[in-house]
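Reviewing the structure listed below.
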Amino acid sequence: MKRSFRWKFLLLLSAFLVALAAMRWESSSHAAAGDPLPAGRVWSDGFFVSAALFASIGIMSLVSSWGGFDTMKYGASFLAARFTRRDSEYKSYFDYVRAKAQEREERKDRGSGLHALDFMIAGMLMLALSIISMLAQ
């Protein structure tokens, strides 16, 4: 349980660091142009960038856990095997999908690491902070 909390804390910390980096970039670029922005807008934009990044990572992780990118992964590994003149470790696409589904089930049984929901929660938290910052202007 402690390990899971540590990973979630690091995820939220990284979301805040991304937001702070976006705030720093936006405020410095507008200050260099001689057009400083209000602090509320800078905070809102920074949190929104972090929200968009982490929510989209969560959505892509969720799609990947359902096998949504298996076709692209198989195609890339098939082409790489062709160009390097190696034999592919899977005889067909269906063997590949079956093996990857089994790997996902084994990974799900272990239950370690971050899940797609954790990234989406971090994104929604950043979106809430963005809205609060926008309304507080």
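All values reported here derive from a predicted model rather than from experimental measurement.
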Please step through side-chain contact (heavy atoms from CB on, under 4.5 Å) for the pair Phe54 and Ser14, ending with a clear verdict. CA-CA 10 Å; Phe54 280 84; Ser14 63; 3.6 Å; yes

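Scanning both residues, Arg41 and Glu26, for their nearest heavy atoms gives O-OE1, 4.2 Å. For the residue pair Ala22 and Gly46, the shortest heavy atom distance occurs at CB-CA, 3.9 Å. Nearest heavy-atom pair across Met120 and Ala55 is CG-O, 4.2 Å. The two atoms that bring Ala51 and Gly123 nearest to each other are CB-O, 3.3 Å, heavy atoms only. For Ser44 against Met134, the heavy-atom pair with the smallest separation is OG-CB, 3.6 Å.
If you take CE on Met72 and OG on Ser64, they are separated by 9.0 Å, rounding to the nearest 0.5 Å. Of the inter-residue distances, the one linking Asp70 atom CG with Arg98 atom CZ reads 12.5 Å to the nearest 0.5 angstrom. Atom CG of Leu117 sits about 8.0 Å away from atom NZ of Lys8, to the nearest 0.5 Å. Atom CG in Leu17 sits 10.0 Å away from atom CG in Leu10 (nearest 0.5 Å). Rounded to the nearest 0.5 Å, atoms OG (Ser65) and CZ (Arg104) are 7.5 Å apart.
Considering only heavy atoms from C-beta on, Leu135 comes within 4.5 Å of Ile131 through its side chain. By the 4.5 Å heavy-atom criterion applied to side chains, Leu127 and Phe47 are not counted as neighbours. Within the 4.5 Å cutoff, the side chain of Met23 has no heavy atoms near those of the Asp45 side chain. For the pair Trp7 and Asp118, the minimum side-chain heavy-atom distance is 4.5 Å or more.
A donor-acceptor distance shorter than 3.5 angstrom exists from the side chain of Ser50 to the backbone of Ala15, with no hydrogens or angles considered.
Listed by chain and number, the residues in a salt bridge (Lys or Arg N to Asp or Glu O under 4.0 Å) with Lys73 amount to none (sequence neighbours excluded).
Among the candidates Tyr93, Phe69, Phe94, the single residue satisfying the ring-ring contact (aromatic ring centres under 6.0 Å, His included) test with Tyr74 is Tyr93.
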